[in-house]
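Structure, as structure tokens:
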Amino acid sequence: MSWLYNLYKTYEMNTEQIGKTVKKRNDKEYTLLPISHTTQNAHIEVTIDEDGDILQATVLEKENTIIPCTEESASRAGSKIAPYPLHDKLSYVAGDFVKYGGKIKNQDDVPFDAYIQNLKEWAESPYAIDKVKSIYKYLSKGRLIEDLVKYKVLVLDENQQLIEKWNKKYEESLGEKPLIFSSGTTDQVSAFVRFNVYSRTSTVDVWKDREMYQSFIDFYNERLGDEDVDFITGELAPSTERHANKIRHAADKAKLISANDTSGFTFRGRFKTSKEAAGISYEVSQKAHNALKWLIHRQGKTIDNRVFLVWGNDDKNVPDPGEDALDILYHANRKIEEDPDTDKPFAEEVKRAIDGYRNDLNYDSEVNILVLDSATTGRMAVLYYRNMNKEIYLNGLKDWHLQCSWEHRYRKNEEKFVKFYGAPATRDIAFAAYGPRASEKIVKGLMERMLPCIIDGRIIPKDIVKSAFQRASNPVAMERWEWEKTLSIACALIRKSLIEKKEEWDVALDKTITDRSYLFGRLLAVADVLERGALGKEETRATNAIRYMNSFSQKPSRTWMTLQASLQPYQAKLGTKANYLSRIIDEISDQFAVEDFNNKPLTEKYLLGFYSQRRELYKKKEINIESEETNK
């Protein structure tokens, strides 16, 4: 359970973040929760004064609120009565709930009675602060709904009962639809109420007040279970069998630790009780789970409910193994060269960016990689976990971004495509191998399989490389932009797989290579560039070289005869401008051994030859155009 211990340490190292609400770009908020606290969407806010009298009541639009909670209330479900200690639903906090039409299954077991008794114990404890006492003083009067009706937050029908559902028939007598029915709650009786206290000495809201957090933590700590050995820290501490849910999002019911099925032989045969199988203290469980929730919202990636999370325990950012080279540079705040002539400057920048994460390394600098998923709605599992030295992790990441690098042009920056050299992101690899319509299930499976390749330098699975190679060899099945993206990613994977075989390959064209697949790829590139030059910019149809690419990879010599015959009209159209390209075709053909010019299917190397030769020709064309403009 080292993952739990490292999450616990992460919480301890970030205590200054407790209670701080951070808003992400999509306007979603996340918080590092105090222990014995959770979050709920509040629909109504009631403000009272220090003397326990109501001052104001307003309707909210599902505002996320930090609330204290007990083990029982955190896991309550159905008709079970388990009140939250302070903020809760109307049925718990309103003493006049039944008076105004609220329905209770058992008259002898009223939710408000249990709630107000718990609040009384807290308010009368030595740990209570003035805000708790003021809220208790007000709620003990038992007239919350009466006051909410007075402030026009809740509405009653002609029988002075709470309206469950808003109908048009109420518009004549009550006017416009009240805000409470648009706040996100299903009906008035299900509204969640939070309380605030107007104080002369404190301007902090109750749900943001650290003093309030600590007041309940100290109060509840005395009511925890018996002490037992904590398997995580090895210390004696109050233990718990109820562990947190809501790990991935607010509606997530899946738990990582659960042993409540005594009839399903979860631990029978080996242990008498669940504590013998895994004894975890309440404090460690709370801190580890709260840190996990915080990290997931802060920097985790969730695909089809599978969570991919990377974090460092030294309170410093670490690069994500699933990012491409451009993201590595962006998050490292390094300048990106607009259009580098070679891959060297960009590769050096990526190396420096990764090396930048080595600053202030100490013996305890570690990186954690965690993958979570759930097979059912109630159970979650750790599918992959690695805890490794940060230095080793960064070295593995640097090797990946150097060895699996290629030239890519599919990323946009301010509506402009950016050329970059480096490794593609794992999500883009998934789409290159299985297409943009690949399900989230396939994508998350591939990302999990690629993690050991990136982190530990393992060989990329052959089926992934083969699938990307086959899709890149079939451009007619894709739009132009998609094929170009697939092609460059396939080349990156092929290069990495060849390096694993101790073969060195670069993006730049190497005219000394005599491998038949590489040479055939070069021929195909020249044919493509020649025909494209003859067609002109206004013609957007695919060239014969592109249309016959799949056939070419299977029967190269026979398909080349067809392509060469189709090139003659375009050579005639270009006239002397085609001489240079025709001469390159002759030079490449001369490099073939006679026995190699056959119909044996091509290997993945032909894509490298195709890309490098085409890149070289277009690069030379751009230089010639710039030279002509300079002369003019």
Side-chain angles (χ1 to χ4, degrees), residues 341-343 406-407 409 419 472-473 475 480 483-484 487-488 490-491 494-495 504-537 539 541-553 555-600 602-628:
D341 291 333
T342 69
D343 61 336
W406 203 256
E407 180 186 76
R409 297 173 180 266
K419 179 171 71 174
S473 298
R480 176 81 181 186
W483 173 66
E484 292 285 359
L487 175 63
S488 64
C491 288
I494 293 167
R495 180 177 186 244
E504 287 294 332
W505 295 81
D506 290 316
V507 181
L509 179 65
D510 190 342
K511 296 181 180 180
T512 64
I513 296 175
T514 57
D515 179 90
R516 66 180 291 272
S517 295
Y518 191 82
L519 293 174
F520 269 120
R522 289 182 62 190
L523 285 175
L524 189 66
V526 179
D528 175 50
V529 173
L530 195 154
E531 184 176 343
R532 176 56 59 195
L535 290 175
K537 293 182 180 180
E539 182 60 66
R541 70 171 177 83
T543 62
N544 286 303
I546 298 300
R547 290 194 292 117
Y548 285 115
M549 195 170 184
N550 193 30
S551 175
F552 184 82
S553 66
K555 305 280 186 182
S557 65
R558 189 178 71 181
T559 309
W560 177 247
M561 291 176 62
T562 305
L563 285 174
Q564 200 162 28
S566 68
L567 284 177
Q568 292 178 3
Y570 301 111
Q571 288 172 318
K573 182 178 179 180
L574 289 173
T576 56
K577 292 182 179 180
N579 291 343
Y580 174 70
L581 295 176
S582 299
R583 189 166 61 251
I584 293 178
I585 292 175
D586 295 338
E587 291 174 357
I588 296 171
S589 300
D590 287 343
Q591 290 183 273
F592 275 95
V594 176
E595 63 273 14
D596 286 342
F597 204 87
N598 54 44
N599 277 320
K600 183 181 178 181
L602 300 176
T603 66
E604 293 91 342
K605 294 177 184 177
Y606 100 89
L607 281 182
L608 303 184
F610 173 82
Y611 191 102
S612 298
Q613 180 66 71
R614 191 181 63 154
R615 173 178 177 270
E616 181 72 15
L617 291 173
Y618 280 129
K619 186 178 176 182
K620 187 174 182 64
K621 184 179 179 181
E622 290 171 3
I623 292 172
N624 290 336
I625 292 172
E626 288 178 4
S627 178
E628 289 177 7

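The structure displayed is predicted, hence computed values, not measured ones. These values consider heavy atoms only, across backbone and side chains, with no hydrogens, waters or symmetry-generated copies.
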Return the [atom1] to [atom2] distance between [X] and [Y], rounded to the nearest 0.5 Å.
X      : Y      : atom1 : atom2 : answer
Ser488 : Trp406 : OG    : CH2   : 10.0 Å
Leu524 : Leu602 : CG    : CG    : 9.0 Å
Leu567 : Leu581 : CG    : CG    : 9.5 Å
Asp528 : Leu523 : CG    : CG    : 12.5 Å
Arg522 : Glu616 : CZ    : CD    : 9.0 Å
Leu608 : Leu509 : CG    : CG    : 11.5 Å

Legend entry - Any pair counted as ring pair (Phe, Tyr, Trp, His ring centres under 6.0 Å), so long as it reaches residues 574-596, sequence neighbours left out: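 Pairs touching residues 574-596 that pass the test: Phe520-Phe592, Phe592-Phe597.
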For the pair [X] (side chain) and [Y] (backbone), establish whether a donor and an acceptor sit closer than 3.5 Å, ignoring hydrogens and angles.
X      : Y      : result
Ser517 : Tyr606 : no
Trp560 : Phe552 : no
Ser612 : Val507 : yes
Gln591 : Lys511 : yes
Asp506 : Ala508 : no
Arg614 : Ala525 : no

So, for [X] and [Y], which heavy atoms are closest and what is the spacing to 0.1 Å?
X      : Y      : result
Asn598 : Pro556 : O-CG, 3.4 Å
Leu607 : Ala472 : CD1-CB, 3.7 Å
Leu519 : Ile513 : CD2-O, 3.5 Å
Val526 : Ile588 : CG2-CD1, 4.0 Å

Inset, instruction - May I ask you to decide whether Arg541 forms a salt bridge with Glu531, counting only side-chain N to carboxylate O separations under 4.0 Å? - result: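 Result for this pair is yes, salt bridge flagged.
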Legend entry - Intermediate values then yes/no, salt bridge (Lys or Arg N to Asp or Glu O under 4.0 Å), Glu539 and Lys573: CA-CA 15 Å; Glu539 182 60 66; Lys573 182 178 179 180; over 6 Å; no
Just so I know, are the side chains of [X] and [Y] near enough to count as touching, which here means a heavy-atom distance under 4.5 Å?
X      : Y      : answer
Leu530 : Leu617 : no
Trp483 : Met549 : yes
Val529 : Thr543 : no

Inset, instruction - Show your reasoning for whether side-chain contact (heavy atoms from CB on, under 4.5 Å) applies to Lys605 and Phe610. - result: CA-CA 9 Å; Lys605 294 177 184 177; Phe610 173 82; over 6 Å; no
Between [X] and [Y], a side-chain donor and acceptor under 3.5 Å:
X      : Y      : value
Asn550 : Ser473 : no
Ser582 : Gln571 : yes
Ser557 : Asn599 : yes

Legend entry - Atom OH of Tyr570: over 12 foreign heavy atoms under 6.0 Å: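 Yes, because the 6.0 Å sphere around OH of Tyr570 holds more than 12 heavy atoms from other groups.
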Legend entry - Sub-6.0 Å ring centroid separation between Tyr518 and Trp505: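 Yes, ring centres under 6.0 Å apart.
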Inset, instruction - Run the numbers on Arg615 and Glu407 for salt bridge (Lys or Arg N to Asp or Glu O under 4.0 Å), then give the verdict. - result: CA-CA 10 Å; Arg615 173 178 177 270; Glu407 180 186 76; 3.0 Å; yes
